[in-house]
Protein chains: 2
Amino acid sequence: MSAETLRPVESKSQQAYRFIRERIDDGRYVPGYRLVLGQIAKELDVSVVPVREAIRRLEAEGLVTFERNVGAQVALIKETEYLHTMQTLAVVEGAATALSAPYLTPADLERARDINERMRRTLDDFDPHRFTELNLEFHSVLFEECPNPHILDLVHRGWNRMRMLRDSSFSFVPGRARESVAEHEHIVELIEQGAEPLEIELAARRHRTATLDAMLAYQAAHKHPTPAPVAAR
Amino acid sequence: MSAETLRPVESKSQQAYRFIRERIDDGRYVPGYRLVLGQIAKELDVSVVPVREAIRRLEAEGLVTFERNVGAQVALIKETEYLHTMQTLAVVEGAATALSAPYLTPADLERARDINERMRRTLDDFDPHRFTELNLEFHSVLFEECPNPHILDLVHRGWNRMRMLRDSSFSFVPGRARESVAEHEHIVELIEQGAEPLEIELAARRHRTATLDAMLAYQAAHKHPTPAPVAAR
DNA sequence: GTATCTGAAATCATATACGATTTATCGAGT
DNA sequence: ACTCGATAAATCGTATATGATTTCAGATAC
(Lines give C-alpha, C1' and ligand atoms only; values in the text may rest on other atoms or scores of the structure.)
Protein backbone atom coordinates (compact mmCIF):
# COMPACT_ATOMS: atom_id res chain seq x y z
CA MET A 1 0.00 0.00 0.00
CA SER A 2 1.77 3.11 -1.18
CA ALA A 3 1.85 6.19 0.98
CA GLU A 4 0.57 8.54 -1.68
CA THR A 5 -2.72 6.71 -2.16
CA LEU A 6 -3.52 6.30 1.50
CA ARG A 7 -5.30 9.61 1.95
CA PRO A 8 -8.11 10.05 -0.53
CA VAL A 9 -7.37 13.71 -1.30
CA GLU A 10 -10.29 16.03 -0.96
CA SER A 11 -12.70 16.10 -3.85
CA LYS A 12 -12.30 18.85 -6.40
CA SER A 13 -15.61 20.40 -5.50
CA GLN A 14 -14.48 20.49 -1.91
CA GLN A 15 -11.20 21.99 -2.99
CA ALA A 16 -13.03 24.64 -4.98
CA TYR A 17 -15.27 25.35 -2.05
CA ARG A 18 -12.34 25.93 0.28
CA PHE A 19 -10.55 28.01 -2.32
CA ILE A 20 -13.42 30.41 -2.73
CA ARG A 21 -14.46 30.36 0.88
CA GLU A 22 -10.96 31.22 2.00
CA ARG A 23 -10.86 34.22 -0.25
CA ILE A 24 -14.22 35.49 0.87
CA ASP A 25 -13.27 35.05 4.49
CA ASP A 26 -9.97 36.86 4.32
CA GLY A 27 -11.36 39.65 2.19
CA ARG A 28 -9.61 39.02 -1.10
CA TYR A 29 -13.03 38.54 -2.62
CA VAL A 30 -15.02 41.50 -1.37
CA PRO A 31 -18.81 41.65 -1.49
CA GLY A 32 -19.79 42.22 -5.09
CA TYR A 33 -16.72 40.46 -6.46
CA ARG A 34 -17.69 38.48 -9.46
CA LEU A 35 -17.00 34.77 -9.45
CA VAL A 36 -16.43 33.66 -13.01
CA LEU A 37 -16.71 29.92 -13.25
CA GLY A 38 -14.23 29.32 -16.03
CA GLN A 39 -11.67 31.60 -14.49
CA ILE A 40 -11.77 29.94 -11.08
CA ALA A 41 -11.74 26.55 -12.76
CA LYS A 42 -8.59 27.46 -14.64
CA GLU A 43 -6.89 28.81 -11.54
CA LEU A 44 -7.55 25.52 -9.79
CA ASP A 45 -6.87 23.46 -12.88
CA VAL A 46 -10.20 21.69 -12.66
CA SER A 47 -13.27 21.77 -14.84
CA VAL A 48 -16.21 24.05 -14.22
CA VAL A 49 -18.44 21.30 -12.89
CA PRO A 50 -16.96 21.06 -9.40
CA VAL A 51 -16.70 24.83 -9.26
CA ARG A 52 -20.40 25.12 -9.93
CA GLU A 53 -21.11 22.71 -7.12
CA ALA A 54 -18.96 24.69 -4.75
CA ILE A 55 -20.78 27.84 -5.68
CA ARG A 56 -24.14 26.21 -5.16
CA ARG A 57 -23.08 25.35 -1.68
CA LEU A 58 -21.84 28.84 -0.98
CA GLU A 59 -25.09 30.14 -2.37
CA ALA A 60 -27.11 28.00 0.02
CA GLU A 61 -24.97 29.32 2.84
CA GLY A 62 -25.79 32.85 1.79
CA LEU A 63 -22.23 33.89 1.05
CA VAL A 64 -22.75 34.10 -2.67
CA THR A 65 -25.56 35.04 -5.00
CA PHE A 66 -25.95 33.15 -8.23
CA GLU A 67 -28.19 34.46 -10.96
CA ARG A 68 -29.29 32.42 -13.89
CA ASN A 69 -27.22 32.96 -17.03
CA VAL A 70 -25.49 35.86 -15.39
CA GLY A 71 -23.20 34.33 -12.85
CA ALA A 72 -22.18 34.40 -9.25
CA GLN A 73 -20.83 37.11 -7.04
CA VAL A 74 -19.94 37.46 -3.41
CA ALA A 75 -23.15 38.45 -1.68
CA LEU A 76 -23.67 42.15 -1.30
CA ILE A 77 -24.73 43.08 2.18
CA LYS A 78 -27.08 45.98 2.37
CA GLU A 79 -27.53 47.88 5.56
CA THR A 80 -30.82 46.27 6.52
CA GLU A 81 -29.28 42.91 5.79
CA TYR A 82 -26.53 43.75 8.18
CA LEU A 83 -28.94 44.80 10.88
CA HIS A 84 -30.85 41.58 10.51
CA THR A 85 -27.67 39.60 10.81
CA MET A 86 -26.71 41.44 13.96
CA GLN A 87 -30.12 40.89 15.45
CA THR A 88 -30.03 37.21 14.66
CA LEU A 89 -26.58 36.96 16.11
CA ALA A 90 -27.76 38.69 19.26
CA VAL A 91 -30.36 35.98 19.71
CA VAL A 92 -28.31 32.91 18.87
CA GLU A 93 -25.09 34.07 20.48
CA GLY A 94 -26.96 34.87 23.64
CA ALA A 95 -28.39 31.38 23.70
CA ALA A 96 -25.06 29.81 22.83
CA THR A 97 -23.27 31.68 25.58
CA ALA A 98 -25.84 30.67 28.17
CA LEU A 99 -25.75 27.04 27.08
CA SER A 100 -21.98 27.09 27.03
CA ALA A 101 -21.58 28.67 30.45
CA PRO A 102 -21.95 25.52 32.59
CA TYR A 103 -19.12 23.88 30.72
CA LEU A 104 -16.62 26.66 31.09
CA THR A 105 -13.71 25.92 33.37
CA PRO A 106 -11.92 28.47 35.53
CA ALA A 107 -9.11 28.24 33.02
CA ASP A 108 -11.50 29.27 30.24
CA LEU A 109 -12.67 32.24 32.23
CA GLU A 110 -9.13 33.24 32.94
CA ARG A 111 -8.37 33.06 29.26
CA ALA A 112 -11.40 35.21 28.50
CA ARG A 113 -10.27 37.77 31.02
CA ASP A 114 -6.80 37.74 29.58
CA ILE A 115 -8.10 38.42 26.10
CA ASN A 116 -10.31 41.16 27.40
CA GLU A 117 -7.34 42.67 29.17
CA ARG A 118 -5.45 42.74 25.90
CA MET A 119 -8.44 44.45 24.35
CA ARG A 120 -8.34 47.07 27.05
CA ARG A 121 -4.69 47.70 26.32
CA THR A 122 -5.45 48.35 22.65
CA LEU A 123 -7.82 51.12 23.66
CA ASP A 124 -5.12 53.75 23.77
CA ASP A 125 -3.29 53.76 20.51
CA PHE A 126 -6.32 52.17 18.98
CA ASP A 127 -6.15 49.48 16.31
CA PRO A 128 -9.67 48.60 15.15
CA HIS A 129 -8.55 45.54 13.24
CA ARG A 130 -6.74 44.08 16.20
CA PHE A 131 -9.62 44.92 18.49
CA THR A 132 -12.10 43.12 16.25
CA GLU A 133 -9.85 40.10 16.13
CA LEU A 134 -9.57 39.90 19.89
CA ASN A 135 -13.28 40.51 20.20
CA LEU A 136 -14.08 37.37 18.25
CA GLU A 137 -11.51 35.47 20.24
CA PHE A 138 -13.06 36.59 23.49
CA HIS A 139 -16.59 35.66 22.55
CA SER A 140 -15.43 32.38 21.07
CA VAL A 141 -14.13 31.32 24.42
CA LEU A 142 -17.54 31.97 25.91
CA PHE A 143 -19.78 30.33 23.35
CA GLU A 144 -17.58 27.60 21.92
CA GLU A 145 -18.58 25.03 24.54
CA CYS A 146 -22.22 25.27 23.55
CA PRO A 147 -23.35 21.64 23.37
CA ASN A 148 -25.90 22.31 20.68
CA PRO A 149 -24.08 22.17 17.35
CA HIS A 150 -26.93 23.82 15.46
CA ILE A 151 -26.90 26.90 17.60
CA LEU A 152 -23.13 26.99 17.54
CA ASP A 153 -23.15 26.79 13.78
CA LEU A 154 -25.56 29.69 13.56
CA VAL A 155 -23.26 31.74 15.73
CA HIS A 156 -20.31 30.97 13.49
CA ARG A 157 -22.26 31.95 10.43
CA GLY A 158 -23.28 35.20 11.99
CA TRP A 159 -19.72 36.08 12.84
CA ASN A 160 -18.55 35.16 9.37
CA ARG A 161 -21.17 37.40 7.91
CA MET A 162 -19.93 40.23 10.02
CA ARG A 163 -16.36 39.51 9.17
CA MET A 164 -17.15 40.04 5.52
CA LEU A 165 -17.85 43.63 6.45
CA ARG A 166 -14.62 44.09 8.31
CA ASP A 167 -13.63 47.07 6.20
CA SER A 168 -17.06 48.43 5.63
CA SER A 169 -18.07 51.82 6.90
CA PHE A 170 -20.57 50.59 9.43
CA SER A 171 -18.46 48.07 11.21
CA PHE A 172 -17.08 50.41 13.80
CA VAL A 173 -18.08 53.14 16.24
CA PRO A 174 -15.46 55.22 18.04
CA GLY A 175 -16.80 55.41 21.57
CA ARG A 176 -18.12 51.90 21.76
CA ALA A 177 -14.94 49.92 22.37
CA ARG A 178 -14.46 51.06 25.94
CA GLU A 179 -18.01 50.17 26.98
CA SER A 180 -17.61 46.88 25.23
CA VAL A 181 -14.66 45.91 27.35
CA ALA A 182 -16.60 46.73 30.49
CA GLU A 183 -19.54 44.62 29.38
CA HIS A 184 -17.23 41.73 28.68
CA GLU A 185 -16.04 41.81 32.23
CA HIS A 186 -19.63 41.79 33.44
CA ILE A 187 -20.50 38.74 31.39
CA VAL A 188 -17.50 36.83 32.67
CA GLU A 189 -18.49 37.68 36.22
CA LEU A 190 -22.01 36.40 35.70
CA ILE A 191 -20.72 33.09 34.42
CA GLU A 192 -18.24 32.85 37.23
CA GLN A 193 -20.96 33.35 39.80
CA GLY A 194 -23.04 30.65 38.20
CA ALA A 195 -25.83 33.05 37.38
CA GLU A 196 -29.12 31.89 35.91
CA PRO A 197 -28.79 30.85 32.26
CA LEU A 198 -31.40 33.36 31.28
CA GLU A 199 -29.50 36.16 32.94
CA ILE A 200 -26.35 35.22 31.09
CA GLU A 201 -28.23 34.93 27.85
CA LEU A 202 -29.76 38.35 28.18
CA ALA A 203 -26.49 39.94 29.18
CA ALA A 204 -24.78 38.53 26.10
CA ARG A 205 -27.69 39.57 23.95
CA ARG A 206 -27.77 43.08 25.34
CA HIS A 207 -24.05 43.39 24.75
CA ARG A 208 -24.59 42.81 21.06
CA THR A 209 -27.76 44.82 20.84
CA ALA A 210 -25.92 47.72 22.42
CA THR A 211 -23.26 47.53 19.75
CA LEU A 212 -25.94 47.59 17.13
CA ASP A 213 -27.68 50.54 18.70
CA ALA A 214 -24.40 52.41 18.96
CA MET A 215 -23.77 51.85 15.29
CA LEU A 216 -27.20 53.07 14.34
CA ALA A 217 -26.86 56.17 16.48
CA TYR A 218 -23.40 56.88 15.08
CA GLN A 219 -24.61 56.57 11.52
CA ALA A 220 -27.62 58.74 12.15
CA ALA A 221 -25.41 61.39 13.70
CA HIS A 222 -22.92 61.29 10.86
CA LYS A 223 -25.48 61.16 8.12
CA HIS A 224 -23.63 58.61 6.06
CA PRO A 225 -24.55 59.40 2.46
CA THR A 226 -24.74 55.84 1.26
CA PRO A 227 -23.61 52.69 3.07
CA ALA A 228 -20.57 52.45 0.86
CA PRO A 229 -21.11 51.55 -2.77
CA VAL A 230 -19.15 48.37 -2.94
CA ALA A 231 -16.65 47.82 -5.69
CA ALA A 232 -18.51 45.50 -8.02
CA ARG A 233 -16.74 43.05 -10.23
CA MET B 1 -42.01 37.39 -29.52
CA SER B 2 -43.67 34.02 -29.17
CA ALA B 3 -45.65 33.17 -26.10
CA GLU B 4 -43.86 29.97 -25.34
CA THR B 5 -40.46 31.58 -25.00
CA LEU B 6 -41.59 34.50 -22.85
CA ARG B 7 -41.08 32.79 -19.52
CA PRO B 8 -37.56 31.52 -19.11
CA VAL B 9 -38.55 28.25 -17.48
CA GLU B 10 -36.78 27.42 -14.28
CA SER B 11 -33.33 26.00 -14.65
CA LYS B 12 -32.96 22.25 -14.54
CA SER B 13 -30.98 22.36 -11.34
CA GLN B 14 -33.80 24.37 -9.80
CA GLN B 15 -36.28 21.88 -11.13
CA ALA B 16 -34.30 19.03 -9.65
CA TYR B 17 -34.10 20.85 -6.37
CA ARG B 18 -37.84 21.30 -6.18
CA PHE B 19 -38.44 17.73 -7.26
CA ILE B 20 -36.34 16.29 -4.46
CA ARG B 21 -37.34 18.84 -1.90
CA GLU B 22 -40.99 18.19 -2.53
CA ARG B 23 -40.54 14.52 -1.95
CA ILE B 24 -38.59 15.00 1.23
CA ASP B 25 -41.16 17.42 2.54
CA ASP B 26 -44.18 15.27 1.90
CA GLY B 27 -42.50 12.15 3.18
CA ARG B 28 -42.13 10.15 0.00
CA TYR B 29 -38.40 10.27 0.59
CA VAL B 30 -38.00 9.31 4.23
CA PRO B 31 -34.82 9.90 6.21
CA GLY B 32 -32.26 7.40 5.02
CA TYR B 33 -33.77 7.17 1.55
CA ARG B 34 -30.98 6.92 -0.94
CA LEU B 35 -30.81 9.55 -3.65
CA VAL B 36 -29.23 7.97 -6.69
CA LEU B 37 -28.07 10.63 -9.09
CA GLY B 38 -28.58 8.77 -12.32
CA GLN B 39 -31.96 7.53 -11.29
CA ILE B 40 -33.31 10.95 -10.37
CA ALA B 41 -31.78 12.37 -13.52
CA LYS B 42 -33.60 9.81 -15.62
CA GLU B 43 -36.89 10.46 -13.86
CA LEU B 44 -36.57 14.13 -14.64
CA ASP B 45 -35.10 13.53 -18.06
CA VAL B 46 -32.08 15.68 -17.38
CA SER B 47 -28.41 14.88 -16.97
CA VAL B 48 -26.78 14.22 -13.64
CA VAL B 49 -25.02 17.57 -13.52
CA PRO B 50 -28.00 19.66 -12.44
CA VAL B 51 -29.08 16.92 -10.08
CA ARG B 52 -25.72 17.06 -8.36
CA GLU B 53 -26.08 20.80 -7.94
CA ALA B 54 -29.51 20.38 -6.43
CA ILE B 55 -28.16 17.84 -4.01
CA ARG B 56 -25.30 20.10 -3.02
CA ARG B 57 -27.80 22.74 -2.13
CA LEU B 58 -29.93 20.33 -0.14
CA GLU B 59 -26.78 19.18 1.58
CA ALA B 60 -25.90 22.72 2.60
CA GLU B 61 -29.40 23.07 3.96
CA GLY B 62 -28.90 19.97 6.03
CA LEU B 63 -31.72 17.98 4.44
CA VAL B 64 -29.39 15.56 2.72
CA THR B 65 -26.05 13.99 3.46
CA PHE B 66 -23.66 13.41 0.61
CA GLU B 67 -20.65 11.20 1.03
CA ARG B 68 -17.80 11.07 -1.41
CA ASN B 69 -18.01 8.23 -3.90
CA VAL B 70 -20.90 6.78 -1.98
CA GLY B 71 -23.80 9.04 -2.71
CA ALA B 72 -26.54 11.05 -1.13
CA GLN B 73 -29.37 10.16 1.17
CA VAL B 74 -32.05 12.02 3.01
CA ALA B 75 -30.49 13.06 6.29
CA LEU B 76 -30.99 10.65 9.11
CA ILE B 77 -32.06 12.33 12.28
CA LYS B 78 -30.79 10.75 15.40
CA GLU B 79 -32.43 11.44 18.68
CA THR B 80 -29.86 13.93 19.93
CA GLU B 81 -30.05 15.64 16.59
CA TYR B 82 -33.75 15.98 17.09
CA LEU B 83 -33.34 17.42 20.55
CA HIS B 84 -30.88 19.96 19.25
CA THR B 85 -33.28 20.96 16.54
CA MET B 86 -36.07 21.40 19.04
CA GLN B 87 -33.87 23.46 21.29
CA THR B 88 -32.79 25.67 18.44
CA LEU B 89 -36.36 26.06 17.35
CA ALA B 90 -37.33 27.03 20.88
CA VAL B 91 -34.83 29.87 20.72
CA VAL B 92 -35.48 31.19 17.24
CA GLU B 93 -39.22 30.68 17.25
CA GLY B 94 -39.46 32.50 20.56
CA ALA B 95 -37.57 35.42 19.08
CA ALA B 96 -39.59 35.33 15.87
CA THR B 97 -42.87 35.31 17.73
CA ALA B 98 -41.86 38.24 19.88
CA LEU B 99 -40.62 40.22 16.89
CA SER B 100 -43.73 39.36 14.97
CA ALA B 101 -46.17 40.28 17.73
CA PRO B 102 -46.34 44.04 17.14
CA TYR B 103 -47.38 43.47 13.57
CA LEU B 104 -50.23 41.12 14.29
CA THR B 105 -53.68 42.50 13.62
CA PRO B 106 -56.79 41.61 15.59
CA ALA B 107 -57.79 39.58 12.56
CA ASP B 108 -54.58 37.58 12.85
CA LEU B 109 -55.22 36.86 16.49
CA GLU B 110 -58.75 35.84 15.74
CA ARG B 111 -57.46 33.46 13.12
CA ALA B 112 -54.98 32.02 15.60
CA ARG B 113 -57.76 31.49 18.12
CA ASP B 114 -59.87 29.86 15.49
CA ILE B 115 -57.14 27.42 14.60
CA ASN B 116 -56.51 26.68 18.23
CA GLU B 117 -60.20 26.05 18.68
CA ARG B 118 -60.11 23.51 15.91
CA MET B 119 -57.16 21.91 17.63
CA ARG B 120 -59.17 21.66 20.79
CA ARG B 121 -61.96 19.94 18.93
CA THR B 122 -59.56 17.30 17.62
CA LEU B 123 -58.65 16.38 21.18
CA ASP B 124 -61.47 13.92 21.55
CA ASP B 125 -61.31 11.45 18.75
CA PHE B 126 -57.67 12.32 18.39
CA ASP B 127 -55.91 12.55 15.06
CA PRO B 128 -52.21 13.23 15.60
CA HIS B 129 -51.56 14.06 11.99
CA ARG B 130 -54.31 16.64 11.84
CA PHE B 131 -53.24 18.08 15.16
CA THR B 132 -49.67 18.53 13.98
CA GLU B 133 -50.87 20.21 10.84
CA LEU B 134 -53.01 22.68 12.73
CA ASN B 135 -50.21 23.23 15.18
CA LEU B 136 -47.90 24.49 12.46
CA GLU B 137 -50.69 26.62 11.08
CA PHE B 138 -51.29 28.17 14.46
CA HIS B 139 -47.69 29.03 15.13
CA SER B 140 -47.22 30.26 11.59
CA VAL B 141 -49.83 32.91 12.17
CA LEU B 142 -47.89 34.09 15.18
CA PHE B 143 -44.36 34.14 13.80
CA GLU B 144 -44.90 34.80 10.12
CA GLU B 145 -44.89 38.58 10.51
CA CYS B 146 -41.39 38.55 11.93
CA PRO B 147 -39.61 41.37 10.11
CA ASN B 148 -36.23 39.70 10.28
CA PRO B 149 -36.01 37.32 7.35
CA HIS B 150 -33.01 35.47 8.76
CA ILE B 151 -34.76 34.53 11.94
CA LEU B 152 -37.90 33.65 10.04
CA ASP B 153 -35.90 31.41 7.76
CA LEU B 154 -34.39 29.62 10.71
CA VAL B 155 -37.84 28.99 12.09
CA HIS B 156 -38.99 27.52 8.81
CA ARG B 157 -36.00 25.26 8.67
CA GLY B 158 -36.62 24.05 12.16
CA TRP B 159 -40.21 23.20 11.40
CA ASN B 160 -39.20 21.43 8.22
CA ARG B 161 -36.74 19.39 10.16
CA MET B 162 -39.43 18.36 12.55
CA ARG B 163 -41.83 17.60 9.76
CA MET B 164 -39.39 15.06 8.40
CA LEU B 165 -39.99 13.09 11.57
CA ARG B 166 -43.74 13.17 11.29
CA ASP B 167 -43.96 9.41 11.56
CA SER B 168 -41.04 8.87 13.85
CA SER B 169 -41.43 7.33 17.24
CA PHE B 170 -40.47 10.39 19.22
CA SER B 171 -42.68 12.90 17.54
CA PHE B 172 -45.62 12.55 19.83
CA VAL B 173 -46.62 12.33 23.47
CA PRO B 174 -50.15 11.37 24.50
CA GLY B 175 -50.93 13.78 27.31
CA ARG B 176 -49.24 16.79 25.84
CA ALA B 177 -51.80 17.97 23.31
CA ARG B 178 -54.29 19.30 25.85
CA GLU B 179 -51.70 21.39 27.69
CA SER B 180 -50.47 22.63 24.37
CA VAL B 181 -53.83 24.06 23.47
CA ALA B 182 -54.01 25.86 26.78
CA GLU B 183 -50.56 27.35 26.30
CA HIS B 184 -51.55 28.55 22.87
CA GLU B 185 -54.39 30.50 24.36
CA HIS B 186 -52.02 32.05 26.85
CA ILE B 187 -49.60 33.20 24.17
CA VAL B 188 -52.38 34.77 22.16
CA GLU B 189 -53.56 36.62 25.24
CA LEU B 190 -50.11 37.99 25.91
CA ILE B 191 -49.84 39.34 22.41
CA GLU B 192 -53.32 40.77 22.60
CA GLN B 193 -52.46 42.62 25.79
CA GLY B 194 -49.36 44.06 24.20
CA ALA B 195 -47.09 42.34 26.70
CA GLU B 196 -43.36 42.96 26.77
CA PRO B 197 -41.54 41.34 23.84
CA LEU B 198 -39.36 39.39 26.23
CA GLU B 199 -42.38 37.98 28.01
CA ILE B 200 -43.86 36.84 24.73
CA GLU B 201 -40.57 35.39 23.64
CA LEU B 202 -40.16 33.38 26.79
CA ALA B 203 -43.74 32.16 26.73
CA ALA B 204 -43.28 30.89 23.19
CA ARG B 205 -39.97 29.35 24.09
CA ARG B 206 -41.33 27.66 27.18
CA HIS B 207 -44.17 26.26 25.16
CA ARG B 208 -41.71 24.47 22.92
CA THR B 209 -39.35 23.52 25.70
CA ALA B 210 -42.28 21.99 27.55
CA THR B 211 -43.08 19.86 24.53
CA LEU B 212 -39.50 18.73 24.45
CA ASP B 213 -39.47 17.92 28.14
CA ALA B 214 -42.69 16.01 27.81
CA MET B 215 -41.18 13.95 25.05
CA LEU B 216 -38.08 13.20 27.06
CA ALA B 217 -40.11 12.21 30.09
CA TYR B 218 -42.35 10.03 27.97
CA GLN B 219 -39.41 8.28 26.42
CA ALA B 220 -37.66 7.80 29.73
CA ALA B 221 -40.82 6.28 31.15
CA HIS B 222 -41.14 3.97 28.18
CA LYS B 223 -37.51 2.98 28.27
CA HIS B 224 -36.55 4.20 24.86
CA PRO B 225 -32.97 3.17 24.05
CA THR B 226 -31.03 6.16 25.31
CA PRO B 227 -32.60 8.73 27.63
CA ALA B 228 -30.75 11.57 25.95
CA PRO B 229 -27.93 13.07 27.96
CA VAL B 230 -28.32 16.42 26.31
CA ALA B 231 -28.22 19.49 28.42
CA ALA B 232 -31.51 21.03 27.40
CA ARG B 233 -31.65 24.65 28.43
C1' DG C 1 -21.15 -22.17 8.43
C1' DT C 2 -18.05 -18.36 8.15
C1' DA C 3 -14.60 -15.80 6.17
C1' DT C 4 -12.13 -14.12 2.31
C1' DC C 5 -11.36 -13.32 -2.36
C1' DT C 6 -12.70 -11.91 -7.08
C1' DG C 7 -14.92 -9.95 -10.75
C1' DA C 8 -19.02 -7.64 -12.40
C1' DA C 9 -22.37 -4.12 -11.80
C1' DA C 10 -23.70 0.08 -9.94
C1' DT C 11 -22.64 4.45 -8.94
C1' DC C 12 -19.90 8.42 -8.43
C1' DA C 13 -16.55 12.36 -10.00
C1' DT C 14 -15.05 15.01 -13.38
C1' DA C 15 -13.56 16.61 -18.16
C1' DT C 16 -14.99 18.04 -22.38
C1' DA C 17 -18.08 19.83 -25.79
C1' DC C 18 -21.56 22.74 -27.51
C1' DG C 19 -25.78 25.35 -27.76
C1' DA C 20 -28.04 29.27 -25.30
C1' DT C 21 -27.96 33.60 -23.06
C1' DT C 22 -26.04 37.68 -21.65
C1' DT C 23 -22.88 41.47 -22.09
C1' DA C 24 -19.75 44.33 -24.54
C1' DT C 25 -18.27 46.55 -28.81
C1' DC C 26 -18.74 49.42 -32.61
C1' DG C 27 -20.67 51.66 -36.46
C1' DA C 28 -24.88 53.86 -38.73
C1' DG C 29 -28.33 56.96 -38.40
C1' DT C 30 -30.35 60.93 -36.20
C1' DA D 1 -22.77 63.75 -29.30
C1' DC D 2 -26.39 60.29 -28.53
C1' DT D 3 -29.32 56.39 -29.42
C1' DC D 4 -30.18 52.15 -31.68
C1' DG D 5 -29.13 47.90 -33.57
C1' DA D 6 -26.23 44.32 -35.17
C1' DT D 7 -22.33 41.57 -34.40
C1' DA D 8 -18.75 39.53 -31.57
C1' DA D 9 -17.08 37.97 -27.18
C1' DA D 10 -17.74 36.24 -22.81
C1' DT D 11 -20.03 33.36 -19.96
C1' DC D 12 -23.42 30.24 -18.54
C1' DG D 13 -26.28 25.56 -18.59
C1' DT D 14 -26.38 21.07 -19.53
C1' DA D 15 -25.50 16.61 -22.08
C1' DT D 16 -22.42 13.21 -22.83
C1' DA D 17 -18.45 10.36 -22.09
C1' DT D 18 -15.00 8.10 -19.37
C1' DG D 19 -12.13 6.69 -15.62
C1' DA D 20 -12.40 5.80 -10.57
C1' DT D 21 -14.55 3.96 -6.50
C1' DT D 22 -17.67 1.37 -4.05
C1' DT D 23 -20.90 -2.31 -3.51
C1' DC D 24 -22.49 -6.86 -4.04
C1' DA D 25 -22.97 -11.62 -5.56
C1' DG D 26 -20.95 -15.76 -6.03
C1' DA D 27 -17.04 -18.76 -5.60
C1' DT D 28 -13.41 -20.67 -2.93
C1' DA D 29 -10.97 -21.92 1.18
C1' DC D 30 -10.97 -23.04 5.92
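Numbers restart at 1 for each chain; the letters A, B, ... are given by sequence-line order, proteins then strands. Quick caveat, the model's predicted, so the values are computed rather than measured. Atom set for the values below is all heavy atoms of this structure, side chains included, hydrogens, waters and symmetry mates excluded.
With 3.5 Å as the limit, one finds no donor-acceptor pair spanning the side chains of A/Tyr29 and A/Glu22. B/Thr132 and B/Asn135 share no side-chain donor-acceptor pair at under 3.5 Å.
Across the protein-nucleic acid pair, A/Glu53 atom CD and D/dG13 atom P stand 14 Å apart, rounded to whole Å. Atom P of nucleotide D/dA20 and atom CD of A/Glu10 are separated by 20 Å, given to the nearest angstrom. A/Arg52 places its CZ atom 11 Å from the P atom of D/dA15, with the value rounded to the nearest Å. Look at CZ on A/Phe66: it is 7 Å from P on D/dC12, rounded to the nearest Å. Put simply, CG on A/Asp45 is 19 Å from P on C/dA13, counting in whole angstrom units. Atom pair A/Arg57:CZ and C/dA13:P shows a separation of 14 Å (rounding to whole Å applied). Residue A/Leu44 contributes atom CG, which lies 16 Å from atom C1' of C/dA13 at whole-angstrom precision. Here the P atom of nucleotide C/dT14 and the OH atom of A/Tyr17 are 16 Å apart, to the nearest Å.
Geometrically, B/Arg23 engages B/Phe19 in a cation-pi contact defined by less than 6.0 Å to the ring centre and at most 45° from the axis.
OP1 or OP2 of D/dA15 lies within a sub-4.0 Å distance of a side-chain N or O belonging to B/Ser47. A/Arg68 has no side-chain polar atom (N or O) that falls below the 4.0 Å cut-off from OP1 or OP2 of C/dT21.
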Name the pairs: protein N/O against N/O of nucleotides 17-19 of chain C, kept only if under 3.5 Å.
none

Indicate for each nucleotide in nucleotides 5-11 of chain C, in 5' to 3' sequence, whether protein heavy atoms under 4.0 Å reach the base (B), only the sugar-phosphate (S), or nothing (-). ------S
Using a 3.5 Å cut-off and no angle test, enumerate the donor-acceptor pairs between side-chain atoms of residues 44-56 of chain A and protein atoms at least two apart in sequence or in another chain.
| from | atom 1 | to | atom 2 | distance (Å) |
| --- | --- | --- | --- | --- |
| A/Ser47 | OG | A/Val49 | N | 3.4 |
| A/Arg52 | NE | B/Glu53 | OE2 | 2.5 |
| A/Arg52 | NH2 | B/Glu53 | OE1 | 3.3 |
| A/Arg52 | NH2 | B/Glu53 | OE2 | 3.3 |
| A/Glu53 | OE1 | B/Arg52 | NH2 | 3.3 |
| A/Glu53 | OE1 | B/Arg56 | NE | 2.7 |
| A/Glu53 | OE1 | B/Arg56 | NH2 | 3.1 |
| A/Glu53 | OE2 | B/Arg52 | NE | 2.5 |
| A/Glu53 | OE2 | B/Arg52 | NH2 | 3.3 |
| A/Arg56 | NE | B/Glu53 | OE1 | 2.7 |
| A/Arg56 | NH1 | A/Glu59 | OE1 | 3.3 |
| A/Arg56 | NH2 | B/Ser13 | OG | 3.0 |
| A/Arg56 | NH2 | B/Glu53 | OE1 | 3.1 |

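Between B/Ala98 and B/Ile200 the shortest heavy-atom distance is CA-CG2, 4.0 Å. What you find for B/Arg176 and B/Ala214 is that their closest heavy atoms are CD-CB, 3.8 Å.
Between B/His84 and A/His150, the ring-plane angle classifies as perpendicular under the 30° and 60° cut-offs. Note on ring orientation: taking the six-membered ring where Trp is involved, the planes of B/His156 and B/Phe143 are perpendicular (angle over 60°, cut-offs 30° and 60°).
Out of C/dT14, D/dA15, D/dG13, the shortest distance to the side chain of B/Lys12 is found at D/dA15.
A donor-acceptor contact shorter than 3.5 Å is absent between the side chain of B/Arg157 and the backbone of B/Leu152.
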